[in-house]
2 protein chains.
Amino acid sequence: MSAGVRTIGDLSKVTGTKVETIRYYERIGLLAAPPRTAGNYRAYGDAALGRLSFIRRARDLGFGIDQIRALLSLSEKKKRSCKAVDAIAREHLAEVEGKLADLMALRCELDSIIRQCGCGTIADCRIIEALAPVNTGR
Amino acid sequence: MSAGVRTIGDLSKVTGTKVETIRYYERIGLLAAPPRTAGNYRAYGDAALGRLSFIRRARDLGFGIDQIRALLSLSEKKKRSCKAVDAIAREHLAEVEGKLADLMALRCELDSIIRQCGCGTIADCRIIEALAPVNTGR
DNA sequence: CTTGACCCTGTAGTGACTACAGGGTGCAGT
DNA sequence: ACTGCACCCTGTAGTCACTACAGGGTCAAG
């Protein structure tokens, strides 16, 4: 393992990231621009692979790009306390919980609207009625 | 009530929609272009108000623009069965439930990662470790 | 007759990619 | 040597549903 030099396509396969996405990460400065081969191909080393894997896992956990930027920069300061890391993770957890609450409320509302539908004609449709304002469309 | 003619700002206040958003809905064909005053101001009637309220409620329930387009067009065919309406609502509910499941899984994962953090130094941080790939960054 | 709140169009930005178009590189097979 | 073909390169524009200007015009009150 750890062959040392990989093309962008290799990185793409290994990390499950699209080639365009890797180039995008480079453009926004999340991944460093790697050295190039004679033919101008990107040649990635193991460090780049590790960094990209880190990014992908953080993305899969729903962290935003800026949060990942912060996490990456913290992960290099080995001696410092990980309180800042903890804070970012907790902040993200709070965001997730907020979205979760919103979505659950949404589901309830949708569910109750749908259950009222007797599937007659549209003129009597409770779904349309729930959306329409009080005095309109008659 | 139902004064008959309103400016875009009135519509904005009554429906809680930003002025720019209303113009955006017109641009994408969700709202018809209203008649204009002598000074080239948009002059909305009650029907436009009703339509915009409908759109806002549907957006609040998380329906996408294309779904709303379909719902609006169905809502005008009073005599047809509301099965199609029901189908759109159920499809949306399924999407919401999918997102909900994803977010709940995410919350679990985040939660368990955060609980492992002993808040020592970054070198020992379980959160960073959970993100980093097996053999990297040493 | 000026001030300030409102309105107009058109364009560009958001987040995190994704999808081309139009070209170059590298290697296997013939 | 030549021909495919898969891969790589840059740069730009598109996605969704808005949002935010810039640079101007309109209108009613004081």
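Throughout, a chain's letter reflects where its sequence line sits, starting with A, and its residues are numbered from 1. Just so it is clear, the model here is predicted, and its values are computed rather than measured.
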(request) Mind calculating the distance between CZ (R42(A)) and C1' (dC7(D)) to the nearest angstrom? (result) 13 Å
(message) Distance under 4.0 Å to a non-hydrogen atom of chain A counts as contact; along DNA chain C, which nucleotides mark the start and end?
(response) dA16(C) to dG26(C)
(request) Would you indicate what F63(A) reaches in the nucleic acid, counting non-hydrogen atoms under 4.0 angstrom: base, sugar-phosphate, or nothing? (result) nothing
(message) Under a 4.0 Å threshold between the charged nitrogen and the carboxylate oxygen, would E129(B) count as salt-bridged to R126(B)?
(response) yes
(request) Describe the nucleic acid contact of I8(A) in one word from base, sugar-phosphate, nothing, applying a heavy-atom distance below 4.0 Å. (result) sugar-phosphate
(message) Can a side-chain donor-acceptor contact be found between Y25(A) and R56(A) if the only test is distance below 3.5 angstrom?
(response) yes
(message) Let me check something: do L100(A) and L93(A) share a hydrophobic cluster, defined by ILVMFWY side-chain heavy atoms less than 4.5 Å apart, either directly or through other members?
(response) yes
(request) Flag the pair D60(A) and R57(A) as a salt bridge only when some basic side-chain nitrogen lies within less than 4.0 angstrom of an acidic carboxylate oxygen. (result) no
(request) Identify whether any heavy atom of R23(B) sits under 4.0 Å from a base atom; if not, whether one sits that close to sugar-phosphate; answer base, sugar-phosphate or nothing. (result) base
(request) Map K13(B) and R36(B) onto DNA chain C by nearest heavy atom, then report which one ends up closer to the 5' terminus. (result) K13(B)
(request) Measure from CG on N40(A) to P on dC7(D) and round the result to the nearest Å. (result) 19 Å
(request) Mark yes or no for whether H92(B), through its side chain, and Q67(B), through its backbone, hold a donor-acceptor pair below 3.5 Å. (result) no
(request) Look at all strands and tell whether T7(B) reaches a base, only sugar-phosphate, or nothing, counting heavy atoms closer than 4.0 Å. (result) sugar-phosphate
(request) Report the residue from L52(B), I22(B), I55(B), D66(B) that forms a side-chain contact (heavy atoms from CB on, under 4.5 Å) with L30(B). (result) I55(B)
(message) Return whichever of R27(A) or R59(B) has its heavy-atom-nearest nucleotide of DNA chain D closer to the 5' end.
(response) R27(A)
(request) Answer whether the closest heavy-atom distance between the side chains of R42(A) and R23(A) falls below 4.5 Å. (result) yes
(request) May I ask you to evaluate whether T21(B) reaches the phosphate of dT19(D), defined as a side-chain N or O under 4.0 Å from OP1 or OP2? (result) yes
(message) Within the 4.0 Å heavy-atom criterion, would you say R69(B) contacts the bases, only the backbone, or no part of the nucleic acid?
(response) nothing
(message) It should be established whether Y25(B) places a side-chain nitrogen or oxygen under 4.0 Å from OP1 or OP2 of nucleotide dC18(D).
(response) yes
